[in-house]
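What follows is a set of notes on a single structure, which appears directly below.
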Amino acid sequence: MIDCLVIGGGPAGLTAAIYLARFHLSVRVVDAGQSRVSWIPRTHNHAGYPGGIKGTDLLKHMRDQAEEFGISVEHGLVEHLELIEGGFAARITDSETIEAQTVLLATGVVNNKPPISPELHDVAMARGLLRYCPICDGYEVTDKRVGVIGNRTHGFKEAMFLRTYTKDVTLIAPDADIELSDDEHARLAALGIATVGGPCASLRVDDDKIVAPTPKGEFSFDSIYPALGSVIRSELAIALGAEGSSDGCLVVDDHQRTSVRWLYAAGDVVKGLDQISHAMGEGGVAGVTIRNDLAEVRELAR
């Protein structure tokens with residue numbers, strides 16, 4: 001039985017693994033290879049990288065650093081996690097089972113995509129025509145023509161946030177109608193944010209623009225932000241009885257402990273700010289907490 005199994009090899013999981021290895025604890029990292037960081041063409045708000053850094057390069061640097069301390073990220077999907085005497089048993093896709101006294105869940109979330117072909121989606125992402133994180137890259141759309149595909153409170157808030165970067169913002173409903181309150185309509189109108197009923201058809205790229213076809217006509221933008229929510233990868237913890245928020249994010253204490261003993265969580269799977277720096281901070285806190293919790297119980301067992 002190892003000291004800790006880290007599920008997820010993104011910024012949170014890798015940061016925690018580095019800490020844990022440097023505490024001379026036995027650690028394994030299993031990653032399904034779907035970190036949202038790998039989508040990022042270049043992040044400019046992650047401190048320490050003037051000129052920005054590609055998401056794939058950042059992950060490589062972190063993996064290389066983990067390897068300095070004997071940790072190799074293992075590709076695989078944890079299909080099932082169960083409580084056993086003394087810890088947990090995790091079943092991996094190839095039928096391997098890993099037993100660990102503690103588990104850190106750093107599985108992140110999956111963004112719901114707009115209507116667009118998979119191949120074109122990746123091209124549009126790489127060119128900055130399709131963006132998912134206005135906190136990360138709203139600066140890059142300053143004074144540009146921006147579309148937001150979304151509805152209700154999520155779409156409203158994203159359109160309002162992007163209005164701080166540009167005066168040219170249009171909110172497009174993914175479905176038939178714009179579902180907003182009278183107050184939300186009034187606030188958007190006061191700031192000159194246009195609203196367009198849907199449904200929004202499949203997006204396409206036209207030279208250096210991205211086009212959103214709607215029943216009201218086609219709208220061309222420099223960038224489109226989908227505000228369609230996400231799927232939280234918290235099911236392994238929820239199945240064990242861990243407390244979750246209404247949207248499925250895991251609830252943790254100030255030290256990244258979930259409500260299930262010896263189960264910890266960090267990064268986007270936890271309710272909070274979905275940012276690389278924040279995920280890394282939570283990973284560091286989780287690593288220290290796991291070390292201290294294990295040390296305490298082992299001292300008491302002497």
Side-chain angles (χ1 to χ4, degrees), residues 6-19 29-68 71-77 104-114 116-142 144 146 158 161-162 165 203 205 210 222-233 265-270 272-284 286:
V6 178
I7 305 176
L14 289 171
T15 299
I18 290 168
Y19 273 61
V29 179
V30 176
D31 180 62
Q34 298 176 348
S35 172
R36 286 198 299 173
V37 173
S38 64
W39 288 15
I40 301 174
R42 185 168 295 272
T43 178
H44 293 272
N45 73 336
H46 187 54
Y49 295 94
I53 182 170
K54 291 174 61 177
T56 50
D57 288 344
L58 179 61
L59 286 175
K60 182 180 185 304
H61 290 329
M62 296 187 72
R63 290 192 188 106
D64 290 346
Q65 186 172 352
E67 287 180 2
E68 291 180 0
I71 297 172
S72 295
V73 177
E74 305 170 37
H75 181 74
L77 177 68
L104 171 63
L105 206 65
T107 43
V109 306
V110 180
N111 291 108
N112 292 324
K113 297 178 182 180
I116 187 172
S117 69
E119 299 81 6
L120 194 56
H121 174 276
D122 295 345
V123 170
M125 279 280 296
R127 292 173 57 184
L129 298 172
L130 193 61
R131 301 175 181 270
Y132 282 89
C133 180
I135 293 176
C136 306
D137 55 25
Y139 184 89
E140 275 65 55
V141 299
T142 298
K144 294 187 176 180
V146 173
E158 193 134 321
F161 184 86
L162 284 161
Y165 292 98
L203 306 179
V205 172
I210 185 164
D222 296 302
S223 290
I224 282 179
Y225 283 84
L228 302 171
S230 55
V231 177
I232 317 299
R233 293 171 172 155
D268 295 351
V269 73
V270 173
L273 183 65
D274 291 356
Q275 290 287 290
I276 296 171
S277 56
H278 193 250
M280 293 172 73
E282 290 188 341

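Ring geometry for Trp39 versus His121: interplanar angle over 60°, hence perpendicular rather than tilted (30 to 60°).
For OH of Tyr19, the number of neighbouring non-hydrogen atoms (other residues, nucleotides, ligands) closer than 6.0 Å is 12 at most.
No side-chain donor-acceptor contact under 3.5 Å links Thr15 to the backbone of Gly284. With Arg131 contributing its side chain and Gly128 its backbone, the two residues share a donor-acceptor pair below 3.5 Å. Of the possible polar contacts, one joining the Asp31 side chain to the Gly33 backbone as a donor-acceptor pair under 3.5 Å is found. Judged by distance alone, the side chain of Glu282 and the main-chain N or O of Gly267 form a donor-acceptor pair under 3.5 Å.
Distance OG1/Thr107 to CD1/Ile7: 7.5 Å, rounded to 0.5 Å. Here the CZ-OG distance, from Arg63 to Ser72, works out to 11.0 Å after rounding to the nearest 0.5 Å. To the nearest 0.5 angstrom, His46 atom NE2 is 4.5 Å from Met280 atom CE. Going from atom CG of Leu14 over to atom CD of Gln65 covers 9.5 Å, rounded to the nearest 0.5 Å. Atom CG of residue Leu58 and atom CD1 of residue Ile53 lie 5.0 Å apart, to the nearest 0.5 angstrom. In this structure, CG on Asp222 lies 11.0 Å from CD1 on Ile210, to the nearest 0.5 angstrom.
Taking all atoms of both residues into account, the shortest heavy-atom contact from Ser38 to Thr56 is O-CG2, 3.8 Å. What you find for Asn112 and Tyr132 is that their closest heavy atoms are O-CE2, 3.9 Å. Taking both residues in full, the closest heavy atoms of Ala286 and Leu104 are given as CB-CD1, 3.9 Å, listed atom of the first, atom of the second, then distance. Taking each heavy atom of Gln275 and Cys136 in turn, the nearest pair found is NE2-SG, 3.2 Å. Residues Val205 and Ala124 approach most closely at CG2-CB, 4.3 Å, considering heavy atoms. In terms of heavy-atom proximity, Pro11 sits nearest to Ser35 at CD-OG, 4.3 Å.
With a 4.5 Å cut-off on side-chain heavy atoms, Val6 and Val30 do not count as touching. Inter-residue side-chain proximity for Val37 and Ile276 is flagged as met; some heavy-atom pair is nearer than 4.5 Å. Taking 4.5 Å as the limit, every side-chain heavy atom of Val146 sits out of range of all side-chain heavy atoms of Ile224.
Residues passing the side-chain hydrogen bond (donor to acceptor under 3.5 Å, both in side chains) test with Ser230: none are found, sequence neighbours excluded. Every residue meeting the salt bridge (Lys or Arg N to Asp or Glu O under 4.0 Å) condition with Arg36, not counting sequence neighbours, appears here in chain and number order: Asp268, Asp274.
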I'd like to know whether Ser223 forms a side-chain contact (heavy atoms from CB on, under 4.5 Å) with Leu129, so could you lay out the CA-CA distance, the side-chain angles of the two residues, the decisive distance to 0.1 Å, and finally the verdict.
CA-CA 4 Å; Ser223 290; Leu129 298 172; 5.6 Å; no
Evaluate the criterion side-chain contact (heavy atoms from CB on, under 4.5 Å) for residue pair Glu67 and Met62; output intermediate values, then yes/no.
CA-CA 9 Å; Glu67 287 180 2; Met62 296 187 72; over 6 Å; no
Tyr225 vs Glu158, test: side-chain contact (heavy atoms from CB on, under 4.5 Å). Steps then yes/no.
CA-CA 8 Å; Tyr225 283 84; Glu158 193 134 321; 3.6 Å; yes
Go through it in stages, so that I can follow the logic: the residues are Leu203 and Leu120, the test is side-chain contact (heavy atoms from CB on, under 4.5 Å), and I'd like the CA-CA distance, side-chain angles, deciding distance and then a yes or no.
CA-CA 9 Å; Leu203 306 179; Leu120 194 56; over 6 Å; no
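Under the side chain to side chain contact (heavy atoms under 4.5 Å, CB included) rule, Tyr49 has a single partner from Lys54, His61, Arg42, which is His61.
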